[in-house]
Amino acid sequence: MSTVTKTRFAPSPTGFMHIGNLRSALYEYLIARSEGGKFLLRIEDTDRERYVEGAVEAIYRTLDMCGLRHDEGPDIGGPNGPYVQSERLHLYTEYADKLVASGHAYPCFCSEERLAVIRENEETEYIGYDRHCRDLDPAFVAQRIASGEPYVVRQKMPLEGETTFTDVVYGTITVMNQELEDQILIKSDGYPTYNFANVVDDHLMEITHVVRGSEYLSSTPKYCILYDAFGWDIPKFVHLPLIIGEDGKKLSKRHGSTGFEELVADGYLPEAIINMIAFLGWAPSEETREIFSLAELETIFSAKGINKAPAVFAYDKLNWMNEQYIRRLPSDRWRTMVKDIADPLFNEQPYSVDMLARVLRERVTKLSDIPEMIHFLTERLPYTRELFYNKRAKLDADVASNILNELYPKLEAVTVWDEASLSALLGQVCEETGRKKGQVMGALRVALAAQRVTPGGATETAMILGREEALERLSAAIKFLDG
RNA sequence: GGCCCGUUGGUCAAGUGGUUAAGACAUCGCCCUUUCAAGGCGGAGGCACGAGUUCAAUUCUCGUACGGGUCACCA
């Protein structure tokens with residue numbers, strides 16, 4: 001076995017990239033990187049019925065967006081290719097033949113109908129399949145195969161004894177061999193099952209750490225028997241606790257977005273998603289910090305810190321993580337994000353992207369919140385007198401009318417419409433009139449926004465809107481209050 | 001149901017045979033304040049239960065309960 005740590009991400013192209021899959025990919029990547037090893041990508045497309053067009057592309061896109069670079073894979077090749085299982089069919093039949101020859105597997109001719117019947121009456125002596133074809137006469141078998149009769153290849157499980165293996169996360173696990181079914185290795189269509197292909201490929205590709213979801217824990221003994229039958233070294237197993245929804249059930253559609261690209265479309269940053277799932281079922285023991293970049297995770301990650309219990313995927317925490325990442329984004333990148341979303345909404349209307357980005361930065365949870373938050377800027381909302389009422393600032397429609405009337409000519413006189421002059425002017429007004437800042441600012445802000453709650457205050461809103469629009473809105477507000 | 005696995009506040013979690021049992025999210029309060037946020041400070045809230053081992057168990061063992069996984073020609 002190779003001494004260099006090597007892990008693999010082996011998704012099947014059956015749909016979008018689920019958060020659980022991405023978490024597996026992340027841990028596989030981190031285990032490899034943290035030990036200076038290799039990380040490879042393998043496509044497990046042995047189920048032709050569940051194949052989904054475009055799923056492979058989604059896998060590449062996701063890995064790329066998350067920064068999970070692989071060292072070997074279908075797109076970049078490598079020493080152990082091909083990396084797509086449907087291109088390795090001859091290997092599986094070759095290895096299955098060896099198993100049959102050595103007495104570790106056997107052809108089975110049972111029809112699906114017969115299997116269904118067995119499943120119905122639970123009186124069988126064995127677990128699952130009743131081993132009907134396990135000891136057929138070899139000559140008879142050869143004859144039936146020659147005649148073209150369809151068959152599958154099944155693993156011949158030991159009838160007694162027990163199998164023990166050690167998992168990095170779950171420790172030592174032992175099961176009675178009687179509990180193991182003679183599982184199918186090669187399907188009647190000639191394709192291998194996952195149960196067979198994963199063993200052959202992981203060995204051939206020199207995978208040292210088999211990392212996967214804990215749903216595979218119970219079939220791992222069968223894989224161990226397979227490795228033994230071939231005389232292969234058994235790799236280290238790292239089974240990951242499941243990710244579940246807030247109701248304790250397996251994470252699914254009804255819990256919200258569970259696909260990576262779906263979350264991105266919802267306005268979550270890939271970096272935040274990665275950080276979030278890294279901390280689902282794992283935590284560094286030395287530090288209490290929870291914001292880590294992928295590069296930082298690569299150095300601090302250790303399989304030792306992986307928990308055994310299923311973890312709930314909490315959107316609350318994801319939201320917080322996303323806010324943290326938004327705040328840490330380089331200004332120009334954040335500005336571009338805001339601009340891309342705001343431009344089409346403002347359309348021809350001029351506005352200050354810089355001020356908008358600044359104001360939004362501390363207030364946005366996810367990008368998709370933005371349109372609603374800035375709607376009042378692109379649309380003049382109707383005023384109501386109640387809007388101007390604010391108990392704490394001792395403000396109401398009448399007071400607001402006075403303030404705005406005083407303010408209008410002064411604002412109109414402002415030639416340089418920038419933050420410094422605006423706040424200087426407004427501060428001066430407060431001083432001269434003896435009014436509370438909250439009163440003046442509040443009146444102006446509501447006049448500009450026609451909305452009680454806004455991202456940013458009066459001066460910021462005036463800046464975003466620009467001189468012309470701001471003055472027009474102010475004048476409209478006065479007209480409303482006085483009319 | 002059989003087999004396997006798990007159980008530290010609502011959630012993610014650190015940790016130990018003797019600790020005031022970290023920290024984060026959420027929640028509540030206060031401060032700050034140009035609304036709302038952000039930020040700062042503080043509060044409430046926990047070792048599932050029962051035995052056993054031990055001078056001492058959250059920590060070790062066994063049961064119970066609860067939860068999850070798995071029992072496919074799917075992965």
Side-chain angles (χ1 to χ4, degrees), chain A residues 10-12 14 21 44-47 49-50 108 110-112 115-116 119 122 127-129 150-154 167 169-171 173-176 178-181 183-189 191-195 197-198 212-221 239 241-242 244 246 248-250 276 279-291 305 307-321 323 327 359-365 373 390 392-393 423 426 430 436-446 449 451-461:
Chain A
S12 54
T14 52
N21 282 132
E44 306 213 328
D45 59 345
T46 56
D47 186 341
E49 287 175 14
R50 292 207 305 156
C108 166
C110 292
S111 66
E112 301 211 40
L115 297 178
R119 226 168 286 135
E122 302 162 14
I127 298 291
Y129 177 58
Y151 67 97
V152 301
V153 176
R154 286 184 183 271
D167 183 86
V169 174
Y170 289 90
I173 293 173
T174 300
V175 297
M176 305 297 289
Q178 290 139 31
E179 300 290 335
L180 308 175
E181 179 181 12
Q183 65 177 353
I184 292 176
L185 268 19
I186 303 286
K187 303 182 235 181
S188 57
D189 64 4
Y191 278 66
T193 57
Y194 167 84
N195 297 326
N198 94 81
R212 51 160 73 122
S214 64
E215 65 266 31
Y216 291 101
L217 211 45
S218 57
S219 33
T220 298
H239 285 93
L242 248 45
I244 56 181
E246 325 231 9
K249 298 278 190 286
K250 204 169 177 175
M276 172 71 193
F279 276 75
L280 263 190
W282 173 84
S285 57
E286 299 292 302
E287 273 191 85
T288 59
R289 178 164 63 115
E290 296 198 15
I291 299 296
N307 284 311
K308 299 182 180 71
V312 173
F313 187 83
Y315 289 89
D316 273 344
K317 187 116 182 197
L318 210 215
N319 284 341
W320 174 78
M321 286 258 178
E323 288 167 358
R327 274 175 231 143
V359 148
L360 253 22
R361 187 155 205 148
E362 304 290 298
R363 284 170 254 251
V364 170
T365 294
M373 291 173 80
N390 184 303
R392 202 176 67 164
S423 54
L426 291 165
C430 291
K436 289 274 193 195
K437 212 174 181 185
Q439 211 179 34
V440 175
M441 296 300 202
L444 178 57
R445 192 177 56 79
V446 172
Q451 188 168 281
R452 206 170 235 124
V453 175
T454 60
T459 50
E460 284 115 347
T461 306

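Below, chain A is the first sequence line, B the second, and so on; all start at residue 1.
If you take CG of A:Asp167 and P of B:G69, they are 18 Å apart, rounded to a whole angstrom. Residue A:Tyr191 contributes atom OH, which lies 15 Å from atom C1' of B:A75 at whole-angstrom precision. Atom CD of A:Gln183 and atom P of B:A75 are 11 Å apart (whole Å). Distance A:Glu179 CD to B:C4 C1': 10 Å, rounded to the nearest Å. For the pair A:Phe279 CZ and B:A14 C1', the computed distance is 11 Å after rounding to whole Å. A straight line from CE of A:Met321 to P of B:A13 spans 11 Å, rounded to a whole angstrom. A straight line from CG of A:Asn21 to P of B:C74 spans 18 Å, rounded to a whole angstrom. The nearest whole Å value for the distance from the CG atom in A:Asp189 to the P atom in B:C73 is 12 Å.
In this structure, B:A26 forms no base pair with any nucleotide, since neither Watson-Crick nor G-U wobble geometry is met with both distances under 3.5 Å. For B:G46, there is no paired nucleotide, since no Watson-Crick or G-U wobble pair has both relevant distances below 3.5 Å. Partner assigned to B:A75 is none, using Watson-Crick or G-U wobble distances below 3.5 angstrom. A 3.5 Å limit on both hydrogen-bonding distances identifies B:G2 as the Watson-Crick or G-U partner of B:U70. Pair check for B:U61 finds B:A51; Watson-Crick or G-U wobble, both atom distances under 3.5 Å. Judged by Watson-Crick or G-U wobble contacts below 3.5 Å, the nucleotide B:U33 has no partner.
Each of B:G39, B:G68, B:A75 was ranked by its minimum atom distance to the side chain of A:Arg327; first place goes to B:G39. When each of B:U7, B:A75, B:G68 is scored by its nearest atom to the side-chain atoms of A:Asn195, the top-ranked nucleotide is B:A75. Residue A:Val175 places its side chain closer to B:C3 than to any other of B:G68, B:C73, B:C3.
Evaluation of atom-type donor-acceptor distances gives no pair under 3.5 Å for the side chain of A:Thr454 against the base of B:C36. Residue-to-nucleotide contacts include a donor-acceptor pair under 3.5 Å from the side chain of A:Arg445 to the base of B:U35.
B:U59 and B:U33 have their P atoms separated by 50 Å, with the value rounded to a whole Å. A gap of 16 Å separates the C1' atoms of B:C62 and B:U54, to the nearest Å. Spacing of P atoms, B:A75 relative to B:U70, comes out at 14 Å, to the nearest Å. Using atom C1' as the reference point in both B:A48 and B:U58, the two lie 12 Å apart (nearest Å). Straight-line distance between the C1' atoms of B:G2 and B:G23: roughly 41 Å, to the nearest whole Å. B:A65 and B:C73 are spaced 39 Å apart, taking the C1' atom of each and rounding to whole Å. Comparing the same atom, P, in B:U8 and in B:A14 gives a spacing of 10 Å after rounding to whole Å. Annotation: B:C47 and B:C31 have their C1' atoms spaced 34 Å apart (nearest Å).
OP1 or OP2 of B:A75 sits under 4.0 Å from a side-chain N or O of A:Thr46. Put simply, A:Arg119 has a side-chain N or O that comes within less than 4.0 Å of OP1 or OP2 on B:C73. Checking the phosphate oxygens (OP1, OP2) of B:U34, a side-chain nitrogen or oxygen of A:Lys437 falls inside 4.0 Å. In this structure, A:Arg392 reaches the B:U35 phosphate: one of its side-chain N or O atoms is under 4.0 Å from OP1 or OP2. Between A:Asn307 and the phosphate of B:A13, there is a side-chain N or O to OP1/OP2 separation shorter than 4.0 Å. A sub-4.0 Å separation between OP1 or OP2 of B:U35 and a side-chain N or O of A:Arg363 is absent. One finds no side-chain N or O of A:Lys187 lying less than 4.0 angstrom from the OP1 or OP2 phosphate oxygen of B:A72.
Residue A:Ile173 is the one, among A:Glu460 and A:Ile173, whose nearest nucleotide of RNA chain B lies closer to the 5' end (criterion: closest heavy atom). Both A:Ser218 and A:Tyr170 lie near RNA chain B, and the one whose nearest nucleotide falls closer to the 5' end is A:Tyr170.
In this structure, A:Asp189 contributes its side chain and A:Tyr191 its backbone to a donor-acceptor pair below 3.5 Å. At least one donor-acceptor pair under 3.5 Å links the side chain of A:Glu181 to the backbone N or O of A:Tyr129. Between the A:Gln451 side chain and the A:Val453 main chain, a donor and an acceptor come within less than 3.5 Å of each other. In terms of modelled atom types and a separation under 3.5 Å, the side chain of A:Lys187 and the main chain of A:Thr46 share a donor-acceptor contact. Of the possible polar contacts, one joining the A:Arg445 side chain to the A:Arg452 backbone as a donor-acceptor pair under 3.5 Å is found. In this structure, A:Glu460 contributes its side chain and A:Gly457 its backbone to a donor-acceptor pair below 3.5 Å.
Note on A:Glu44: only backbone sugar-phosphate atoms sit closer than 4.0 angstrom, heavy atoms only; bases stay farther off. No engagement by A:Cys430 is indicated, since no non-hydrogen atom pair under 4.0 Å with the nucleic acid exists. Within 4.0 Å (heavy atoms only), A:Val312 reaches sugar-phosphate atoms of the nucleic acid but no base atom. Contacts of A:Ala458 with the nucleic acid, taken as non-hydrogen atoms under 4.0 Å apart, include base atoms. Here A:Tyr216 lies in heavy-atom contact (under 4.0 Å) with a base. Among the protein residues, A:Thr459 comes within range of the nucleic acid bases, having at least one heavy atom under 4.0 Å from a base atom. Here A:Gly213 lies out of heavy-atom contact (under 4.0 Å) with every strand.
Side chains of A:Arg212 and A:Asn198: a donor on one and an acceptor on the other come within 3.5 Å. In summary, the side chains of A:Ser12 and A:Arg50 do not present any donor paired with an acceptor at a separation below 3.5 Å, with no hydrogens or angles considered.
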TODO: Determine, for nucleotides 15-30 of chain B in 5'-to-3' order, which nucleotides have protein heavy atoms under 4.0 Å from the base (write B), from only the sugar-phosphate (write S), or from neither (write -).
DONE: S------BBBSS----
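Shown here is A:Tyr151, whose OH atom has no more than 12 heavy atoms of other residues, nucleotides or ligands within 6.0 Å.
Using a cut-off of 4.0 Å between Lys/Arg side-chain N and Asp/Glu carboxylate O, A:Lys317 and A:Glu290 are scored as salt-bridged.
A side-chain contact (heavy atoms from CB on, under 4.5 Å) with A:Val364 holds for exactly one of A:Met373, A:Arg327, A:Glu323; it is A:Met373.
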